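First up is the structure itself, then whatever we jot down about it.
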Amino acid sequence: MEELNITRRKFIATTSVGALGTIFTATASSCGNTNPASGKLALLGGDPVRSKDWMSWPIWDPKAEDPALSVLRSGKWYREWGTEVKKFEKMYAELIGTKRALATASGTTALEVALHVLGVDAGDEVIVSPYTFIATYNVVFNAKALPVFADTDQETFTINPKTIEERINERTKAILPVHILGLPADMNSINAIAKKHDLVVIEDACQAWLAEYDGKKCGTLGDLGCFSFQNSKHLPSGEGGAVTGNDDSLMDMCHSYHNCGRAYGNTQGEFHGYAFRGGNMRMMEIQAVILMNQMNRIKADADKRLGNALYLDSKLKNIPGIIPYKLSDGADRSAYHLYPFRYKKEYFDNLPREKFLQALAAEGINCNNGYGPQYNDGLIEEALNSRGYKRLFTEQRLNAYREELKNLPDNDQLTQEAVWLFQNMLLGEKSDMDDIINAVEKIYENRKQLI
Ligand SMILES: *Cc1c(COP(=O)(O)O)cnc(C)c1O
């Protein structure tokens, strides 16, 4: 949650810069500066390109209030006593295009269920994308396995399949690609490698609702797919998640594991009592009510974001030093949880990215610098120095692993150059997109003012 919390804090902090801008615009705009790409930068006291707020998120629909109240009054808050979670699972499976969906307490627990059921065990290794929300690292550690980072393709922001095979060894059990920011990973290449080396594939689709690859939705392309419905996500219920899949016996195992190991469906077999381990990772009925209501808008929102993103692509790419994301081979559409581009400071007279972001915020466009090289943050060493990891892996392996963390050149560079626009901005109108484009152009044209 830390990275998302930081993101939200930064978002609020930069929003107040925008709000300050609002105070000044009333007088400043009377100066009649009509060409947004010229004039004094707002960071230096000029007129901001934009003084309006962006759409807030999430969006509450009063139509959810009656069904929510009736669940609250019924006292049936737990999925086994009600029907709402079951209904939601059916609807979500239909939306994504899988046979089954299992609702969970969070995206993190969805990933934990998937890793466990697909056999990721203590002492295994899992190939992971380093450019992701920290939960993707954490779930591998929680399984007492080693997250082995493949490098990132800077153009697509997703795992570079060409860097996967060299990291596979006899301990490798799974590949965990992330459709990060909503951008589909190159799943055909990843699945081919997995097949060749007999590995399972778990998709972290926690930012990729309705993203499409090869005519199919993300979350249907590996052995199991995992989603998050946390408050900031496109389908929000405060907390929540789902595992999606087509294999009934796997999905029955998922259900059993998320429900204290109680027998479910095919797992029942001949057994009596508790034949499996498990945990409690269940979704509450009230969350399902909120989610079923939020689902009413998800397709229209996705189309709106797509249209605006394509418009941004067409304009931003013409600004020197601004390189919008590229879809990976086979990808059809992103979910645009974030709209990313790379900022090449060489084209801005070496204006540092942080200064560029400050200038953008002052113009009323709040952006974020994205994920850092989180493998240097301390959590990896904390794990490797634990008694458990010292038992599970040889000292030689752990030392080699430490060296491998220094061999992620493309990811290291991407973390220096990425800029993200938030998904709620993409729910605006064309004129809102023009504000973004005009602000970036204005900073480019007037970059020398900041040097
Ligand atoms: C949000 C997210 C998760 C975790 O989901 P939670 O519901 O917050 O536990 C995992 N992976 C990625 C890429 C995410 O964005």
Side-chain angles (χ1 to χ4, degrees), residues 1-8 11 57-58 88 92 101-116 120 126-143 147 149-150 152 156-159 174-185 187 201-211 218-219 221-222 224-244 258 279-284 287-288 290-291 294 325 334-340 368 370-372 374-375 379 411 414-415 418 420 422-424:
M1 290 333 307
E2 196 46 33
E3 179 65 26
L4 275 178
N5 278 334
I6 289 166
T7 302
R8 274 193 291 273
F11 185 73
W57 188 264
F88 167 69
Y92 197 67
L102 171 75
T104 58
S106 63
T108 302
T109 48
L111 285 161
E112 287 176 350
V113 168
L115 287 167
H116 177 82
V120 173
V126 178
I127 310 274
V128 187
S129 175
Y131 196 78
T132 184
F133 177 55
I134 204 67
T136 322
Y137 297 25
N138 281 333
V139 294
V140 180
F141 280 123
N142 293 349
F149 302 107
T152 305
T156 68
F157 291 71
T158 59
I159 194 167
I175 308 177
L176 177 42
V178 186
H179 306 301
I180 199 64
L181 319 181
L183 291 158
M187 290 304 293
V201 177
I202 299 142
E203 294 173 80
D204 182 339
C206 286
Q207 299 185 3
W209 324 260
L210 305 184
C218 287
L221 301 153
L224 290 170
C226 299
F227 291 88
S228 167
F229 310 130
Q230 190 270 343
N231 223 148
S232 66
K233 308 291 173 108
H234 294 194
L235 185 63
S237 57
E239 301 287 358
V243 182
T244 50
H258 108 296
N280 175 1
M281 302 161 189
R282 295 183 300 257
M283 178 180 278
M284 285 176 68
Q287 292 169 278
I290 297 170
L291 288 168
Q294 291 286 320
Y325 70 93
S334 172
Y336 300 103
H337 186 49
L338 285 309
Y339 176 101
N368 189 272
Y371 300 122
Q374 302 162 135
Y375 32 85
L379 83 158
N411 192 72
L414 183 62
T415 62
W420 296 350
F422 297 97
Q423 60 95 359
N424 60 313

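On a predicted model such as this, the values are computed, not experimentally measured, just so you know. Counting begins at 1 with the first residue of the sequence. Ligands are counted one by one from 1 in listed order, and the atoms in each one are counted from 1 as well.
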* Of the options F422, F227, W209, which is the one that meets H337 in a ring pair (Phe, Tyr, Trp, His ring centres under 6.0 Å)? -> W209
* Proximal ligand 1 atoms for T136, defined as those under 4.0 Å from one of its heavy atoms -> 11 (N)
* So, Y325 versus F157, ring centres under 6.0 angstrom or not? -> no
* Should G240 be listed as contacting ligand 1, given a heavy-atom distance under 4.0 Å as the test? -> yes
* Structure fact -> So for T109 against ligand 1, with non-hydrogen atoms under 4.0 Å, the contacting part is neither
* Structure fact -> Note: T108, heavy atoms under 4.0 Å from ligand 1, region reported as both
* Asked: ligand 1 versus S106, non-hydrogen atoms closer than 4.0 Å: side chain, backbone, both, neither?
  -> both
* To do: Check whether any N or O atom of G107, backbone or side chain, sits under 3.5 Å from an N or O atom of ligand 1, and answer yes or no.
  => yes
* To do: Decide whether S228 and Q230 meet the rule of one side-chain donor and one side-chain acceptor closer than 3.5 Å.
  => no
* Can H179 and Q207 be counted as having a side-chain donor-acceptor contact under 3.5 angstrom? -> no
* To do: Can you see which heavy atom on A110 is nearest to which on T104, and at what distance?
  => CB-OG1, 3.5 Å
* Could you say whether the N/O atoms of T132 and ligand 1 ever approach to under 3.5 Å? => no
* Asked: If you measure every N/O of S228 against every N/O of ligand 1, is any gap under 3.5 Å?
  -> yes
* **Identified ring pair (Phe, Tyr, Trp, His ring centres under 6.0 Å) partner of W420 from the options Y339, Y336, Y371** => Y371
* Shortest heavy-atom approach to atom 2 (C) of ligand 1 - which of K233, H179, E239 -> K233
* **Atoms in ligand 1 with a heavy atom of C206 nearer than 4.0 Å** => 2 (C), 3 (C), 10 (C), 11 (N), 12 (C), 14 (C)
* To do: Decide whether T132 and S129 meet the rule of one side-chain donor and one side-chain acceptor closer than 3.5 Å.
  => no
